[in-house]
Amino acid sequence: MAIQGHESKLDSYNALLNECVSQGTVKEGQTVHAHMIKTCYFPSLVYLSTRLIVLYAKCDCLDDARKVLDEMTLRNVVSWTAMISVYSQKGYASEALNLFVQMLRSGTEPNEFTFATVLTSCTCSSGLELGRQIHSFVLKTSFESHMFVGSSLLDMYAKAGRIHDARQVFTCLPERDVVSCTAIISGYAQLGFDEEALELFRQLLREGMVPNHVTYASLLTALSGLAALDLGRQVHSHVLRSKVPTFIVLQNSLIDMYSKCGNLAYSRRVFDSMTERSVISWNAMLVGYSKHGMGREVVELFDLMRKENKEKPVSVTFLAVLSGCSHGGMEDKGLEIFYEMKKGTYGAEPEMVHYACVVDLLGRASRINEAFEFINKMPFVPTPAIWGSLLGACRVHSNFEIGEFAGRQLLEIEPENAGNYVVLSNLYASAGRWEDMRTIRELMKEKVVIKEPGRSWIEIDQILHTFHASERSHPRREEAKTKLMELSTKFKEAGYVPNLSCVLFDVDEEQKEKILLNHSEKLALAFGLIATSEGSPIRVIKNLRICVDCHNFAKIFSKIYGREVSLRDKTRFHRIVGGICSCGDYCRALLPSSLPFFSRALLTGRAPAFFSPKSRAVCFSPEHLLSLELLRSLVAQSAPFSVFEPRPPLGLIQPLGASLWGWPGRPPMGIENQPPMGADYQPLGASLWGWPGRSPMGAENQPQLG
DNA sequence: CAGGAGACCT
């Protein structure tokens with residue numbers, strides 16, 4: 001009788017706790033907890049205690065949850081794993097890892113649940129090393145083919161930039177589901193391998209993957225990177241017509257996709273149609289306006305956000321607002337918001353990035369001395385971005401003294417960035433200090449590492465045409481080049497003067513001009529002119545920042561041919577109409593816009609290599625296979641790098657033909673929500689699936705692991 | 001009783 005009563009009491013506790021967990025009520029949970037303390041010796045009852053841990057975690061009482069674990073007289077894998085999971089989910093990575101170690105020391109063997117959980121905490125700075133150790137451990141326990149463990153593992157590698165290791169784990173999985181497929185697709189997308197992400201999505205779809213809203217969100221990330229509007233609309237259509245419920249995450253990525261494809265009207269439509277919004281929805285919309293240089297809209301939307309008062313602005317919100325004010329000519333408003341922030345009006349402290357925005361804002365407004373003072377009074381050590389911003393402003397507004405100071409700071413802390421040398425040497429040249437200019441150029445040859453080759457693309461009739469300074473693969477490249485020569489002559493007559501200071505190399509002027517004309521966005525523009533009908537707008541996407549010379553070129557182009565030019569570069573949109581650009585001509589970076597693939601070889605006489613900071617990948621050009629030795633030494637020196645085969649030639653990508661879901665380019669919204677397809681809509685769609693006859697994921701393209 | 005993927009920003 002007594003025993004039975006005891007058991008039924010435990011059952012009631014269990015039921016009560018379950019109820020509290022599902023309702024998320026701490027108070028009642030605490031009452032149950034207190035009752036348990038009084039009536040039974042529960043710390044030895046593992047599952048009841050574990051329920052308590054979950055309850056407290058759900059109510060954000062992490063310390064209480066931990067206290068329950070610490071006071072347990074008997075613990076098993078489940079209770080340890082529950083607590084580790086609490087820490088990982090709330091973002092306390094080091095606590096999670098410490099607890100994992102503590103668990104091992106206590107002699108408890110981890111199981112597949114533990115591994116799947118703890119690996120999600122290995123994404124911090126020292127995470128890869130730990131993750132590797134855990135991977136070895138996983139191999140010993142032969143959980144590596146477990147789907148959940150495998151997904152965590154591959155995600156861990158992808159987040160550390162080791163996409164090939166991630167791919168290897170994925171390939172070895174005996175079974176796959178949406179989550180593991182999404183993890184690998186999003187791995188590619190997040191590292192900027194957008195075409196690869198797309199190709200993989202398509203391949204997995206053929207193999208029977210049933211995507212869910214997370215998969216589509218990841219796919220949209222890749223499409224945003226490519227500015228593939230038409231495909232983005234296909235995804236939107238598909239989502240609306242299929243039974244995928246509307247998730248905020250997915251709507252947020254739609255807002256972002258439309259804005260990065262140049263179609264803010266659609267972004268706003270999605271934003272307005274949402275019944276519920278998260279901070280990220282607001283951020284995505286604000287960032288969109290900011291990148292398009294629409295300062296007034298940024299401020300208006302920010303005011304609306306504060307009026308609604310549902311979502312608190314966070315760090316990224318202020319980043320968007322401040323840079324929007326800077327790019328959109330609302331300097332005073334930006335400063336006002338920054339100082340309100342400092343006063344604590346919004347409950348968010350300004351961080352380094354916000355200070356950087358203010359420096360940019362002051363520099364843009366020609367308030368150089370003020371910007372310099374601002375930097376000196378900052379509570380942070382200035383970053384390269386801050387000095388770079390100031391140096392750029394000094395170049396534009398010809399302030400030699402402060403510019404030289406900023407430049408010297410930069411060369412010290414960021415010696416591998418070519419742009420710094422170029423801007424500083426230009427500053428010396430404009431002050432007539434030729435000796436200093438030469439010294440800087442010499443210095444550059446020793447230290448510079450070229451980062452990423454430039455490329456530009458333009459979509460015409462659903463075909464994506466890519467131009468690349470050192471690539472010869474586009475079938476109409478010669479035609480485009482001939483047209484470009486013609487434009488150059490014509491524009492010079494109209495007053496265009498090539499800005500030779502945009503060239504890195506120490507060659508004669510004629511050579512410099514040639515190099516400038518080789519910049520990929522000029523080729524894309526020239527091609528746009530011959531391949532589109534008269535008067536239609538031309539949209540070009542560029543993976544780096546546009547240089548001053550190409551910017552001037554595009555302005556004259558728009559004026560002479562009466563074409564609207566929309567150019568998305570690394571940081572923002574330039575909308576050029578009648579020779580006037582929406583950016584207000586503030587090109588503080590006098591960077592060469594398109595560094596040829598082999599420029600490092602030209603500069604240093606050494607093998608060409610670049611690494612992409614985003615993906616931490618080293619890449620080599622196929623024409624220069626002699627670089628293998630250097631490759632090995634680079635890899636040996638720097639553990640966290642992946643080695644890549646170069647991307648396949650992207651000269652011309654064929655259209656999709658029958659599109660993914662069989663409705664090519666159908667309007668993404670139902671008739672009733674259909675925005676007008678009038679003058680504002682120009683398909684930018686890029687049919688990017690695959691390169692003819694070649695899969696980027698083929699075995700021949702897989703690098704050797706280990 | 002515990003577990004894997006995701007949107008904004010660098």
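Treat the numbers as computed from the prediction; the structure is a model and nothing was measured. Because only heavy atoms are used, hydrogens play no part in the values below, and waters and symmetry mates are left out as well, while side chains stay in. A note on names: the letters A, B, ... follow the listed sequences, proteins ahead of strands, and every chain is numbered from 1.
Here the C1' atom of nucleotide B:dA2 and the CG atom of A:Leu99 are 12 Å apart, to the nearest Å. For the pair A:Met72 CE and B:dA2 C1', the computed distance is 12 Å after rounding to whole Å.
For A:Phe338 and A:Phe318, the distance between ring centers is not under 6.0 angstrom. Ring to ring, A:Phe113 and A:Phe143 are not that close: their centroids are 6.0 angstrom or more apart.
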One character per nucleotide, please: for nucleotides 3-10 of chain B, 5' to 3', B when the base has a protein heavy atom closer than 4.0 Å, S when only the sugar-phosphate does, - otherwise.
BBBBBBB-
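Only one option out of A:Leu205, A:Leu200, A:Leu198 pairs with A:Leu219 in a side-chain contact (heavy atoms from CB on, under 4.5 Å); it is A:Leu198.
Between the side chain of A:His292 and the backbone N or O of A:Tyr289 there is no donor-acceptor pair closer than 3.5 Å.
Evaluation of the side-chain hydrogen bond (donor to acceptor under 3.5 Å, both in side chains) test over residues 134-152 of chain A, restricted to residues two or more places apart or in two chains, returns A:His135-A:Tyr157.
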